[in-house]
Amino acid sequence: MTHHFSRRTALRSAALAAGVGAAASACTTPRPTSTGVGTEGASTPPRHEVVVRDDGGAVVLSPTGDPTLAATRAVLSLATAVVVSSTEPTALGAAEAAARALGLPLLMPDPGLVEELDRLTTRTVLRYGTAQAVGDLGSREVLEGTAVPDLPDLPGLPRPADSGSAVVLLAAAGPLPAALGPLVHLTGATPRTVDDVDPRRDEGTRTALRALPSAPVLAVGEDFGDDDRFDTRLRTAREATDLPGGGLLPFPGRRMVALYGHPQTRALGMLGEQGPAAAAVRTTKLAAEFTPLSKEKVVPAFELIATVASGSAMPDGSYSRKTPVEELLPYVEAAEDAGAYVVLDLQPGRTDFLTQAKLYESLLRRPWVGLALDPEWRLRPDQKHLEQIGSVGIDEVNEVGAWLAELVRTHDLPPKVLTLHQFRTSMVRERDRLDTSLDEVQWLVHVDGQGGQSAKQATWRALQKDLPEGVWLGWKNFEDEDSPMLTPEQTMEQVEPTPWFISYQ
């Protein structure tokens, strides 16, 4: 809801004569009036108002320099009267006091000042500092400010009755920049110092944002990042569905314990050994075994094979059998009902990962469904499964990441787990170029070695070398191939660092 801060008042003729001069006669903008129908020169008193935006604008402000123009663009849609001050300390101090007393925004000299005053449809400027120091104000009424303003024609505009119409976040404890104080004051906002500059992770920030779903947001401090990224994070914090166990980022907010397999066969893993509902019960019980062993919350998961490597060519030549969405959907829905996450696993054969990922876009639009790429089953045109171990170049991997990130942004989803299965360094070529800058996905390297535990540990250590920063780690326990398979206690104690995604096949 837009909040109007208005008082129907007339500028005293004496004040106009003293401070406006020729500027008033040059003003061409029609004046709103107390009746709402007045025009320039009408006898009815002018109506002064400040209107806060209600479309969720956001801006990151540096604590140094002049933040006021960017702030007013983010917070206000209209201000028919403003205070403008030079940067000289005495003038600025008096201007801040006047702006607070009158309930008006305070702006500073800037090459874009006139353009911003035009956007705000400002008619009256209360100026502090010399005309030369303040600079051009365009064709509008200018009143010379005094140290203690006494202008009954511009009384304090009423503040909203609710708890505030903006959200103001501070990256570090300390006062707001002086010039921002009046703007924050007139919105009724209470600045909050955040523990985490990412609003998707800071629970207090998320609560404040959701209480004011369309309020503009000011973030003061360079640590919040650039405007575009911050704005996307804000939208996620406001709109996205929580993940199982709460929160929006998969890690480090939770540890996942999953059954791996295909719904149509027992041969490919534990997941296919029972129907959807029974599989959900089984993975929930398995996750519960890890709960007392983990400082982080443990949630159940499925790793569901969506495309299966085949020994012969499919009609499209791909050597990959594609499971229809309608066959996977019962497992996805059973997982959702049980509070479990789902990862769709791709074994693409001679096609590429992105082509196959797009086949399952309808499932990936669901907030609790992530993606896994299995390079062991990514073949060159002259290769066949089980004759060679497949591999993938990093450009193809990054292409999938960029596509999935755009899907997350477009549909206001929580960030997704994007897994790379690996048991040899050669399986992902140039892995050091993995694009970990994407805010919408969390990469996880899932180490799939099997056999004796000493060999598995050697693989685990080897694949951590040169691991790009920001990549999480997963571990797989094989029921039949490991000798022996680790217990939950052994998995948590002997695998270092402790994996964030633990699957069972």
Side-chain angles (χ1 to χ4, degrees), residues 1-3 5 50-79 105-108 110 112 115-116 119-120 160 162-172 174 176-177 179-242 247-249 405-406 408-415 437-440:
M1 177 179 178
T2 301
H3 297 288
F5 305 78
V50 176
V51 179
V52 179
R53 287 177 55 170
D54 62 354
D55 55 356
V59 66
V60 176
L61 302 171
S62 169
T64 60
D66 171 28
T68 57
L69 286 188
T72 57
R73 290 189 193 106
V75 173
L76 301 180
S77 61
L78 178 70
L106 169 60
L107 298 176
M108 309 285 285
D110 186 274
E115 180 182 354
E116 179 62 2
R119 184 190 72 83
L120 293 170
D162 60 21
S163 59
S165 51
V167 178
V168 182
L169 308 175
L170 304 178
L176 279 169
L180 283 181
L183 180 65
V184 174
H185 175 73
L186 69 85
T187 69
T190 300
R192 33 176 306 111
T193 301
V194 298
D195 296 324
D196 193 320
V197 295
D198 188 340
R200 302 171 303 172
R201 288 194 299 250
D202 191 283
E203 205 54 44
T205 300
R206 288 186 65 208
T207 300
L209 291 170
R210 293 186 178 193
L212 296 168
S214 61
V217 179
L218 297 182
V220 183
E222 294 172 350
D223 290 345
F224 286 102
D226 62 72
D227 284 355
D228 289 342
R229 171 166 286 195
F230 182 68
D231 190 56
T232 301
R233 288 177 170 182
L234 281 179
R235 196 172 68 246
T236 300
R238 278 174 160 153
E239 303 294 338
T241 301
D242 277 12
L248 294 175
L249 274 72
E406 180 61 30
V408 169
R409 283 192 296 271
T410 300
H411 298 284
D412 291 329
L413 302 171
S437 69
L438 301 170
D439 229 25
E440 297 80 12

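Nothing fancy with the numbering, it's 1 onward along the sequence. Here the structure is a predicted model, which is why all the values come from computation and not from measurement.
- Between atom CG of residue L120 and atom CG of residue L78 there is a gap of 7.0 Å, rounded to the nearest 0.5 Å.
- Across all non-hydrogen atoms, the minimal contact from T193 to A172 is CG2-C, 3.8 Å.
- Between P191 and the choices V220, L180, V184, the side-chain contact (heavy atoms from CB on, under 4.5 Å) rule is met once, by V184.
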Let's go through F224 and V194 carefully: what are the C-alpha distance in whole Å and the side-chain angles of both, what is the deciding distance for side chain to side chain contact (heavy atoms under 4.5 Å, CB included) to 0.1 Å, and is it a yes or a no? CA-CA 10 Å; F224 286 102; V194 298; 3.9 Å; yes
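- Pairing each heavy atom of G221 with each of A171, the nearest pair is CA-CB, 4.1 Å.
- Here the OG1 atom belonging to T72 is positioned 12.5 Å from the CE atom belonging to M108, to the nearest 0.5 angstrom.
- Closest non-hydrogen pair, D242 versus R210, comes out as OD1-NH2, 4.0 Å.
- If you take CZ on R233 and CG on D228, they are separated by 12.5 Å, rounding to the nearest 0.5 Å.
- The side-chain hydrogen bond (donor to acceptor under 3.5 Å, both in side chains) test applied to D55 returns R53, not counting sequence neighbours.
- Closest heavy-atom contact between A74 and P216: O-CB, 3.2 Å.
- Side-chain atoms of T207 and E203 include no donor-acceptor pair closer than 3.5 Å.
- Distance check, rounded to the nearest 0.5 Å: CG of L169 to CG of L61 gives 10.5 Å.
- Applying the salt bridge (Lys or Arg N to Asp or Glu O under 4.0 Å) test to R238 and every residue at least two apart in sequence or in another chain returns nothing.
- Paired with D439 under the rule salt bridge (charged side-chain N to carboxylate O under 4.0 Å, His left out), one option of R235, R409, R200, R201 passes, and it is R200.
- Side chain of D412 to main chain of E239: no donor-acceptor pair is present (N/O by atom type, distance under 3.5 Å, no hydrogens or angles).
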Run the numbers on L218 and L183 for side chain to side chain contact (heavy atoms under 4.5 Å, CB included), then give the verdict. CA-CA 10 Å; L218 297 182; L183 180 65; 4.2 Å; yes
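- Counting heavy atoms of neighbouring residues, nucleotides and ligands inside a 6.0 Å radius, atom CD of E406 exceeds 12 of them.
- Note that CZ of R206 is 10.0 Å distant from OG1 of T236, once rounded to the nearest 0.5 Å.
- To the nearest 0.5 Å, atom CG of residue L106 and atom NE2 of residue H185 are 13.0 Å apart.
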